[in-house]
Every structure is written in C-alpha cells, then in structure tokens.
Amino acid sequence: MATEIINETDVRIDETEFSALASFVLKEMKVSPHAELTIVFIEPEPMEELHVRWLDLPGPTDVMSFPMDELTPGTDGKYSEGTLGDIVICPQVAANQAHAAGHSASEEMLLLATHGILHLLGYDHVDEDEKKEMFDLQRKLLLTFLSRR
C-alpha cells in the first residue's frame, strides 16, 4: 500500500500510525495493496480555502476527500486497483472536535482519516440510511484498528 503522509502544520503527527490505519482500512475494504493514497494535514486557513472553493461553505472544516480513480470496495477475490486519492485533515479543527467529544486529538484525526477513506471509496452520508451505513462501518473499522495497536 502506497500511503504518503504530508504534514504542513506544526502539530506533531504520528505518520507511522496513520500509514498503518490506511493500510488496515484499505485491506479490510479489499483495495489493492498497490493503490495510492495521500493524507495531508494542513492549517485552518488553507482548509477554509478548500472548503469554500469545493463546497462553497464558509470556515475551515475537519476533513475533505478528493477521489482520483473513483475506486470502490473490492469483493472476495477481486481488489480495486488504482489511485484512491487525497484526504486533507485540519488538526486544529480536529482538536476542537476531540475536546467536545471527550477523546484525544489523535483519535479524532484517526476517525477523520477513516471517514475520508470511506468517502474516497464512494460512501456518503447525505441521507439517514447512507449515514448509518457509513458511520457504522467507520466505527467498526476504527475500533478494530485501535484494539489491535
């Protein structure tokens, strides 16, 4: 699995952990081990610029996903291959959310990375059924990953 981690902030990021999370989630979702993924950590200002440009929404957000080859989860015996895309995370927004939720900023960013990967694989949360499916899967993947570390 080719996962590139880019940290453009002063926040300390455990690149090894995010790479391990990406490998775990993509393996569970049956994405080819040759697929490429980039996770970028950026400051609030550039995140706000992306949020306005792509979603026409004000302010910085926590995570955004930019799919490339529109991969979907594989099935038994068949793996999705190609470039998955990019996930952009804002650690400062994540830290605020983590504080409100009562867990660490690192755990929040791992949750956001999992969320972003699912978006890259075509999951969404526009309606309640989609939201339940995506958030249940996100929770299962993250809790399984955390229990194994």
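The first residue in the sequence is number 1, and the count goes up from there.
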Flag side-chain contact, heavy atom, 4.5 Å: Ile117 against Leu26: yes

If only atom types and distance count, is the side chain of Thr83 paired as donor or acceptor with the main-chain N or O of Gly85 below 3.5 Å? no

Between Leu37 and Leu118, is there shared hydrophobic-cluster membership here, with clusters defined by ILVMFWY side-chain heavy atoms closer than 4.5 Å? yes

Can you check whether Thr144 reaches Phe24 side chain to side chain, under 4.5 Å on heavy atoms? yes

Value for NZ (Lys131) from CD (Gln138), rounded to nearest 0.5 Å, stands at 10.5 Å

Classify the side-chain pair His125/Glu130 by whether it contains a donor and acceptor separated by less than 3.5 Å. no

Before giving the answer on ring pair (Phe, Tyr, Trp, His ring centres under 6.0 Å), spell out for Phe135 and His115 the whole-Å C-alpha distance, their side-chain angles and the decisive distance to 0.1 Å. CA-CA 8 Å; Phe135 282 55; His115 185 87; 5.6 Å; yes

Rounded to the nearest 0.5 Å, what's the gap from CG on Leu142 to OG1 on Thr114? Could you check? 4.5 Å

Which atom names give the shortest non-hydrogen contact between Val11 and Thr9, and what distance separates them? N-OG1, 3.1 Å

Minimum side-chain heavy-atom gap Met64-Ile87 below 4.5 Å: no

Quick one, Met109 and Pro91 - any side-chain contact, counting heavy atoms below 4.5 Å? yes

Is it the case that one hydrophobic cluster holds both Met68 and Ile6, taking links as side-chain heavy atoms less than 4.5 Å apart, direct or via other members? no

Hey, any chance Leu141 and Phe18 share a hydrophobic cluster, counting ILVMFWY side chains that come within less than 4.5 Å of each other, even indirectly? yes

Contact summary for Thr61 and Met47, nearest pair of heavy atoms: O-CG, 3.2 Å

Passing candidate, side-chain contact (heavy atoms from CB on, under 4.5 Å) with Leu121, options Met29, Lys30, Met134: Met29

Drop me the distance from Lys140's NZ to Leu137's CG, to the nearest 0.5 angstrom. 7.0 Å

Distance-minimising heavy-atom pair for Glu43 and Cys90: C-SG, 3.9 Å

Rounded to the nearest 0.5 angstrom, the CG-CD distance for Asp86 and Glu4 is 9.0 Å

Ser106 to Glu17 - nearest heavy-atom pair and separation: OG-OE1, 3.8 Å

Looking only at heavy atoms, which two atoms of Glu108 and Ala98 are closest? And how far apart? CB-CB, 3.7 Å

Counting N and O atoms only, with roles assigned by atom type, does the side chain of His119 sit under 3.5 Å from a partner on the main chain of Ser65, one being a donor and the other an acceptor? no

Under a 4.5 Å cut-off applied to non-hydrogen side-chain atoms, are Val63 and Val88 in contact? no

Side-chain donor-acceptor pair present, Asn7, Glu15, cut-off under 3.5 Å: no

Find the distance between CZ (Arg139) and CG (Leu143) and round it off to the nearest 0.5 Å. 5.0 Å

With clusters defined by side-chain heavy atoms of hydrophobic residues (ILVMFWY) lying less than 4.5 Å apart, directly or transitively, does Leu120 cluster with Leu50? no

Restricting to non-hydrogen atoms, name the atom on Leu112 and the atom on Ala94 that form the minimum distance, rounded to 0.1 Å. CD1-CB, 3.7 Å

Interatomic distance, CD@Gln92 vs CG@Asp62, rounded to 0.5 Å, equals 12.5 Å

Applying a strict under-4.5 Å side-chain criterion to I, L, V, M, F, W and Y, I'd like to know whether Ile89 and Phe145 cluster together. yes

